[in-house]
Amino acid sequence: MMRSLYAGVSGLQNHQTRMDVIGNNIANVNTYGFKKGRVDFQDMISQQIGGASRPSEEVGGVNPKEIGLGMSVASIDTIFTQGNLQTTGVSTDLAIQGNGFFVLKNGDETFYTRAGVFGVDSNGTLVNPANGLRVQGWMAENVNGTQIVRTSSTPTDLVIPVGQKDPPHATENVKYFCNLNKNTPEIPENPTPDQVIAGTWQTEVNIYDSYGSPHQVQMDFTRVRGNPNQWTVTVNVDPDNADFTQTRIGFGNTDGMTNTYTLNFDNTGKLTSVIDSAGNVSNPEGEIVLQTSFTVADSNPDENGNPYRQTFNLSLGTIGSMENTVTQSASKSTTKANYQDGYKLGYLDNFKIDQSGIITGVYSNGSVRTIGQVAMASFTNQGGLEKKGDSTYAESINSGMANIGESGTQGKGSLIAGTLEMSNVDLTEQFTDMIVTQRGFESNAKTIQTGDSMLETVINLKR
């Protein structure tokens, strides 16, 4: 009889534990990145009244007689199912779609979280604004003018230098693709102004010098008299000041003799060759690249006292191709595309984070540059993590070591910027568990009350 009392007590205590977990789940129903808990019960050791016996020739076997001594909590699990995603529109808010955790640092202590409520502090460091924990990742390195993120290195604090200067970059490459109208009239020997305009296809593209000052590159395409598939191109940088800039164009290391070159096409409109101002002919196949130079005003002369000249590569496309190259066909002359890689001085105005966690800076001069990448961690047994408050976790001896890497690798999910992961608590499920827990608690209380009544009856036998 006393056993039923102690069994009822264990039931009361452990159902109260389950109620505590349910209450915590409901309290965190709107906590970003929260993962619900679940209580699992198991029976306790049983007292054996009689043992089992094996069958004999006369009778069969007998099962053991055991009385259970109550129940206990088997485990309190953290359920890491995916929570719903809520769009916030804040560029620093991040959500993980799939497995994985963000990595946070407090000095030498490392924490992990699913709550991606981040912001930038006064130093530009990406942090959790609620507690100042610093988000970990990899900062981009400049390798030969290219921003590279080394995800194999040790993660560090991510710093987004809002307002940082982006120094001007002189144009090094210009890609020029267009179509020249086969029906463009030839310019006669003594043309009128209208005939010059009608027989010239003029295009313009802006480039930048080493100071970040813009310059206009103007190219005038004219048909060669007597040759239906040949065009002469005159190039001027800053045509209003052409006498000073002294544009020169040519192949290889030469600056060229003048500012002209010649295009030759076949009967299908494909480019067959290019002749520079010194008479050099292009290779019969491959990409056509001409070097173009011009004088930059208000610059110090070189060591020989010559004016400072800037050179850039002018790409006309590939010989024999109709794609991304200069062509000639009987349709309107157009500029299909042009590209140049120079820009003026700018400042970091904005940044964005893609699904790989790469942070890309957008500068006021139009340039786009990789700043860094957010790191993610995964665990062999994420259920073994210890909760440390503030929606963070820490490694335990049963979680395994953190496998830190970029998103989308080794089982890690993808990142979604401007979005937060909601709690995975289902109120319907929690209220149902609450009812079941309440009934279990009441039933165990009734067991104690009934056992007490039986003891009272035994005591009253003496009266």
Side-chain angles (χ1 to χ4, degrees), residues 32-35 78-83 85 91-121 123-143 147-160 351-361 370-417 419-421 424:
Y32 293 122
F34 178 79
K35 299 303 177 184
T78 301
I79 309 301
F80 284 95
T81 55
Q82 180 73 47
L85 302 182
S91 61
T92 53
D93 285 344
L94 298 176
I96 299 174
Q97 179 72 50
N99 296 323
F101 299 83
F102 298 109
V103 184
L104 306 177
K105 277 279 191 179
N106 180 9
D108 293 331
E109 292 185 278
T110 304
F111 300 95
Y112 308 93
T113 186
R114 293 278 299 191
V117 187
F118 302 139
V120 179
D121 65 11
N123 293 327
T125 306
L126 191 63
V127 299
N128 182 333
N131 50 33
L133 296 181
R134 298 178 176 179
V135 182
Q136 299 298 288
W138 304 275
M139 296 299 295
E141 303 174 11
N142 191 328
V143 179
Q147 299 297 112
I148 296 177
V149 178
R150 302 186 187 277
T151 57
S152 59
S153 60
T154 302
T156 185
D157 297 343
L158 287 172
V159 179
I160 302 174
F351 63 91
K352 56 184 178 180
I353 305 175
D354 66 13
Q355 64 179 4
S356 298
I358 295 177
I359 306 171
T360 304
T370 300
I371 297 175
Q373 185 171 3
V374 178
M376 287 182 62
S378 60
F379 296 87
T380 304
N381 175 29
Q382 59 186 3
L385 293 170
E386 295 180 355
K387 294 183 178 181
K388 293 297 182 180
D390 293 338
S391 297
T392 62
Y393 302 87
E395 291 181 16
S396 74
I397 57 176
N398 194 41
S399 66
M401 293 183 63
N403 182 340
I404 298 178
E406 57 187 301
S407 65
T409 62
Q410 298 178 304
K412 300 177 182 64
S414 59
L415 299 181
I416 303 177
T419 305
L420 291 173
E421 182 185 10
N424 66 349

Show your reasoning for whether side chain to side chain contact (heavy atoms under 4.5 Å, CB included) applies to L126 and V120.
CA-CA 5 Å; L126 191 63; V120 179; 4.3 Å; yes
Mind running side chain to side chain contact (heavy atoms under 4.5 Å, CB included) on E406 and K412 for me, showing each step along the way?
CA-CA 8 Å; E406 57 187 301; K412 300 177 182 64; over 6 Å; no
Is there a side chain to side chain contact (heavy atoms under 4.5 Å, CB included) between T110 and V103? Walk through the geometry before answering.
CA-CA 7 Å; T110 304; V103 184; 3.8 Å; yes
Trace of the side chain to side chain contact (heavy atoms under 4.5 Å, CB included) decision for V149 with I358
CA-CA 9 Å; V149 178; I358 295 177; 5.6 Å; no
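A donor-acceptor pair is defined here as one N or O able to donate and one able to accept, closer than 3.5 Å; such a pair exists between the side chain of E395 and the backbone of A402. Although no hydrogens or angles enter the test, the distance criterion places no donor-acceptor pair under 3.5 Å between the side chain of Q97 and the main chain of A95. Of the possible polar contacts, one joining the E421 side chain to the G83 backbone as a donor-acceptor pair under 3.5 Å is found. Formation of a donor-acceptor pair under 3.5 Å by the R114 side chain with backbone atoms of G100 is found in this model. Formation of a donor-acceptor pair under 3.5 Å by the S91 side chain with backbone atoms of K352 is not found in this model. Judged by distance alone, the side chain of Q82 and the main-chain N or O of I96 form a donor-acceptor pair under 3.5 Å. The main-chain N or O of G408 is never found under 3.5 Å from a side-chain atom of S414 such that the two would form a donor-acceptor pair. Judged by distance alone, the side chain of N128 and the main-chain N or O of A130 form a donor-acceptor pair under 3.5 Å.
For T81, the side chain to side chain donor-acceptor pair (under 3.5 Å) partners two or more places apart in sequence, or in a different chain, are N424. With sequence neighbours excluded, no residue forms a salt bridge (Lys or Arg N to Asp or Glu O under 4.0 Å) with E109.
In summary, of the residues considered (I371, I359, V127), a side chain to side chain contact (heavy atoms under 4.5 Å, CB included) with L158 occurs for I359 alone.
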N/O donor-acceptor pairs under 3.5 Å from side chains in residues 380-394, not counting sequence neighbours:
residue, atom, partner, partner atom, Å
N381, OD1, G383, N, 3.3
N381, ND2, N398, O, 3.0
T392, OG1, G389, O, 2.5

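Rounding to the nearest 0.5 Å gives a distance of 8.0 Å between CD1 of I160 and OG1 of T92.
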